[in-house]
Structures are given as structure tokens and as C-alpha cells.
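If you're wondering where the values come from, they're calculated on a predicted model, not measured in any experiment.
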Amino acid sequence: MPTMKPGKSLIPKKDFQNLTRRKYSRDSEDRERSHLESRSKGPSLKDRLMGPPTENAYGMGKGAVAGAALMGLVGLCYYGLGLSNQPSIYDHSVMWPQYVRDRIHATYAYFGASCAVTAASAAAIFQSESMMALMTRSGLIASLVTLGLVMVSGAVAQSMEYHPGLGAKQIAWAAHCAILGAVLAPMCLLGGPILTRAFLYTGGVVGALSTVAACAPSEKFLHMGGPLAIGLGVVFASSLASMWLPPTTAVGAGLASMSIYGGLILFSGFLLYDTQRIVKAAEHHPQHSQYLFDPINHALAIYMDALNIFIRIAIILAGDQRRKK
């Protein structure tokens with residue numbers, strides 16, 4: 001039998017190198033194949049979108065609201081201290097004639113009355129079991145009917161010509177506010193403490209933003225109409241889509257965050273815009289005109305802004321309380 005010298009191998013050196021190289025190459029290919037297989041076996045895009053949301057699903061919305069609040073505080077300090085070189089609405093108010101003051105006072109009087117009528121209607125509906133059962137009825141048809149009723153009543157109230165005193169426009173305005181109160185009646189189920197806090201927070205937000213609008217230059221926020229209209233379309237679409245995609249899914253939670261937190265920022269911007277628009281209309285509407293200045297239509301604009309802010313703050317407070325439990 002032939003014997004091998006120490007240090008020698010039965011496999012030639014060249015063949016051994018080729019064998020080793022093929023083995024390493026095969027191992028690398030196996031690792032890549034297993035990695036691709038593990039990725040392909042993971043959740044698909046549909047599974048991730050329809051899966052449960054993460055804990056930070058509303059984190060971006062909260063961050064955006066915090067950033068907007070900081071910008072509002074900076075604007076309040078900047079314009080409130082008179083650091084702007086342009087004259088503000090407050091500066092112009094010194095030269096207002098009495099009829100301009102009366103127009104603005106009438107507008108905010110109707111705004112306060114709108115809030116009172118809505119609150120009284122919501123409380124009355126909440127006390128009736130049959131009406132609450134009707135208002136809490138879920139379903140696509142019920143939601144569309146409610147939305148259509150609110151839009152039609154608002155359009156009718158705003159289309160009528162304004163005359164001082166009690167007339168058809170005032171009755172249509174009161175009916176529209178009462179319908180909104182009936183729609184908001186189910187929110188009373190959140191409880192008195194949450195609604196009270198939401199009311200106080202809304203009052204603070206509306207007061208602060210109105211002060212910013214009054215201290216800012218006269219037409220500073222009137223250029224925001226286009227971006228606000230685009231944002232309104234996005235928020236409205238998110239609200240409609242969230243009716244079919246519940247917030248228990250990742251995509252539903254994203255849409256709900258857009259509707260709640262994005263809507264809070266959006267209607268805060270609308271409040272700045274509408275406040276300065278009211279002042280400009282009161283200043284420039286002719287005193288002796290065929291059509292009188294309409295404080296009801298202008299009051300409904302800021303009323304809807306404040307109402308949307310209140311709804312979103314109440315939803316946020318209710319969600320925080322539910323997560324604490």
C-alpha cells in the first residue's frame with residue numbers, strides 16, 4: 001500500500017481550492033436565498049395597512065398640534081408687543097365709525113347666540129330617549145341624511161337676505177343651530193367633565209387666535225384662503241374615509257389622526273382668516289347699500305370654526321382618558 005508523507009493530502013491542492021471556493025459560494029447563495037425567503041414570508045403591504053396600529057399612531061398629529069400651538073404663541077407675543085411695522089386691526093379700530101363697531105358687535109352677538117342655541121338643543125335632545133336613539137343610529141344612510149340636513153339648513157340660512165329684527169333669516173339661522181345641536185347631542189355621552197374642559201380649552205383657543213388676528217396687520221391672514229381650502233378638502237376626505245376604515249387598523253388610525261389633529265390645526269387657521277375677513281367686510285361694506293351688512297353669515301363662519309375646534313378637543317380629551325384607564 002502506498003504511504004503518504006506527513007503534510008501531504010490525497011486531494012490535489014488545485015482541486016481543494018476549487019472545492020473550498022464552491023463551498024463558500026454555495027453558503028453565500030444559501031444565506032441570500034434564506035434572507036429573501038424570510039422577507040417574502042413577512043407581512044405584505046396590505047397586512048401592514050390593515051393590521052393593528054402602533055402605539056405612536058397619533059404621535060405625528062400631536063407633534064403637529066404642538067408645533068402649531070408654539071407658532072401661535074410666538075405670533076401672539078410678536079404682534080401683541082407691537083413688533084410688527086404694519087398697523088394692526090387694533091390700531092385701525094381707533095378710527096372706526098360707529099356703524100363699523102355696530103356691525104362687529106352684532107356679528108359676535110350672533111356668534112354667542114349660536115353657541116347658546118346649539119348647547120340648549122343638544123341638552124334637550126340628550127334628555128329624550130327616543131331622539132337619542134334616532135341620533136345614535138349608525139349606518140351609511142343615516143350619516144348621509146344627517147350630513148345633508150346640516151348642509152341644506154346652513155345653505156338656506158345663508159342664502160336669505162338679512163333684515164334687522166326677527167324675520168325669516170333669523171328663524172332659519174336658529175333652526176340650523178338647533179339641528180347642529182341635535183347632531184352633537186351624542187357627544188354628551190362623553191360626560192360633563194370632558195365637555196366642560198373641552199369648552200374651556202375651546203374658549204382659550206378662540207380667544208387667543210382672535211387676539212392674534214386683531215393684533216396682526218389688517219390683511220395678514222387673508223392670503224391663506226387657497227391653502228385653507230385645499231386643507232379642508234384633505235380633512236373632509238379623511239373624515240369620510242374613516243367612516244369605512246376603523247381606527248383599529250393602521251391606515252384607519254392615520255386617517256383619524258389626519259381628521260382630528262389636522263382638522264384642529266386647519267380650523268384654527270380658518271378662525272384667523274374669518275376674523276380678519278369679518279373686520280374687512282365691516283369696514284368696506286357701503287353704509288348706504290341695497291343689501292345690508294349680514295352679521296348672521298359672518299357669525300356662522302366663526303361659529304363653525306369654533307364648533308369644529310370644540311369637537312376635536314373633546315375627542316382628544318376622551319381618547320386620552322380612555323388610554324389612561
Side-chain angles (χ1 to χ4, degrees), residues 68-69 71-116 154 157-164 169-170 173 176-177 202-232 264-310:
M71 292 178 60
L73 181 61
V74 171
L76 180 61
C77 296
Y78 180 78
Y79 294 120
L81 296 175
L83 300 179
S84 178
N85 297 326
Q86 300 177 0
S88 64
I89 292 178
Y90 179 76
D91 297 330
H92 288 167
S93 65
V94 180
M95 299 178 292
W96 281 348
Q98 187 60 39
Y99 70 88
V100 175
R101 301 177 186 273
D102 293 340
R103 289 172 177 177
I104 295 178
H105 292 165
T107 299
Y108 280 91
Y110 274 109
F111 167 68
S114 300
C115 298
Q158 295 185 26
S159 63
M160 294 183 175
E161 187 178 352
Y162 172 78
H163 295 284
K169 187 176 183 67
Q170 284 78 5
W173 155 77
H176 175 60
C177 294
T202 303
V205 170
V206 172
L209 292 175
S210 300
T211 304
V212 172
C215 296
S218 300
E219 299 182 0
K220 181 68 176 179
F221 301 111
L222 292 180
H223 306 288
M224 298 168 52
L228 288 174
I230 296 174
L232 180 62
L264 181 58
I265 299 173
L266 175 71
F267 288 105
S268 298
F270 264 115
L271 186 62
L272 294 171
Y273 171 79
D274 288 329
T275 300
Q276 291 201 338
R277 188 168 63 89
I278 289 170
V279 174
K280 184 177 180 180
E283 290 178 338
H284 293 85
H285 190 86
Q287 184 178 7
H288 303 287
S289 174
Q290 180 181 0
Y291 300 101
L292 299 177
F293 176 82
D294 194 339
I296 292 181
N297 286 0
H298 291 294
L300 285 176
I302 56 175
Y303 163 70
M304 293 304 298
D305 299 337
L307 189 63
N308 279 282
I309 291 173
F310 169 78

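- In terms of the side-chain contact (heavy atoms from CB on, under 4.5 Å) criterion, residue partners of Pro97 (sequence neighbours excluded) are, by chain and number, Tyr99, Val100.
- Within the structure, the salt bridge (charged side-chain N to carboxylate O under 4.0 Å, His left out) test picks out the following pairs touching residues 272-286 (sequence neighbours left out): Glu219-Lys280, Asp274-Arg277.
- Taking both residues in full, the closest heavy atoms of Thr202 and Ala306 are given as CG2-O, 3.7 Å, listed atom of the first, atom of the second, then distance.
- To the nearest 0.5 angstrom, Leu292 atom CG is 8.5 Å from Arg103 atom CZ.
- Residues Leu266 and Leu228 approach most closely at CD1-O, 3.6 Å, considering heavy atoms.
- The distance from atom OG1 of Thr275 to atom CD1 of Ile302, rounded to the nearest 0.5 Å, is 6.0 Å.
- Formation of a donor-acceptor pair under 3.5 Å by the Gln170 side chain with backbone atoms of Tyr162 is not found in this model.
- We find the OH-NE2 distance between Tyr110 and His105 to be 15.0 Å, quoted to the nearest 0.5 Å.
- Using the six-membered ring where Trp is involved, His298 and Phe293 have ring planes that are parallel, under 30° apart on the 30 and 60° scheme.
- Looking at Leu300 and Trp173, their side chains come closer than 4.5 Å, going by heavy atoms from C-beta outward.
- Rounded to the nearest 0.5 Å, atoms OG (Ser210) and OH (Tyr108) are 4.5 Å apart.
- Side chains of Ile296 and Met160 form no contact here, defined as non-hydrogen atoms less than 4.5 Å apart.
- Between Asp305 and Tyr273, every side-chain heavy-atom pair lies at or beyond the 4.5 Å cut-off.
- Looking at every heavy atom in both residues, Phe270 comes nearest to Ala229 through CZ-N, 4.4 Å.
- Summarising the geometry of Ala157 relative to Asn297, their closest heavy-atom pair is O-OD1, 4.0 Å, with the distance given to 0.1 Å.
- With His285 contributing its side chain and Ala281 its backbone, the two residues share no donor-acceptor pair below 3.5 Å.
- No side-chain heavy atom of Phe267 sits less than 4.5 Å from a side-chain heavy atom of Leu271.
- The side-chain heavy atoms of Val212 and Leu272, taken from C-beta on, include a pair separated by under 4.5 Å.
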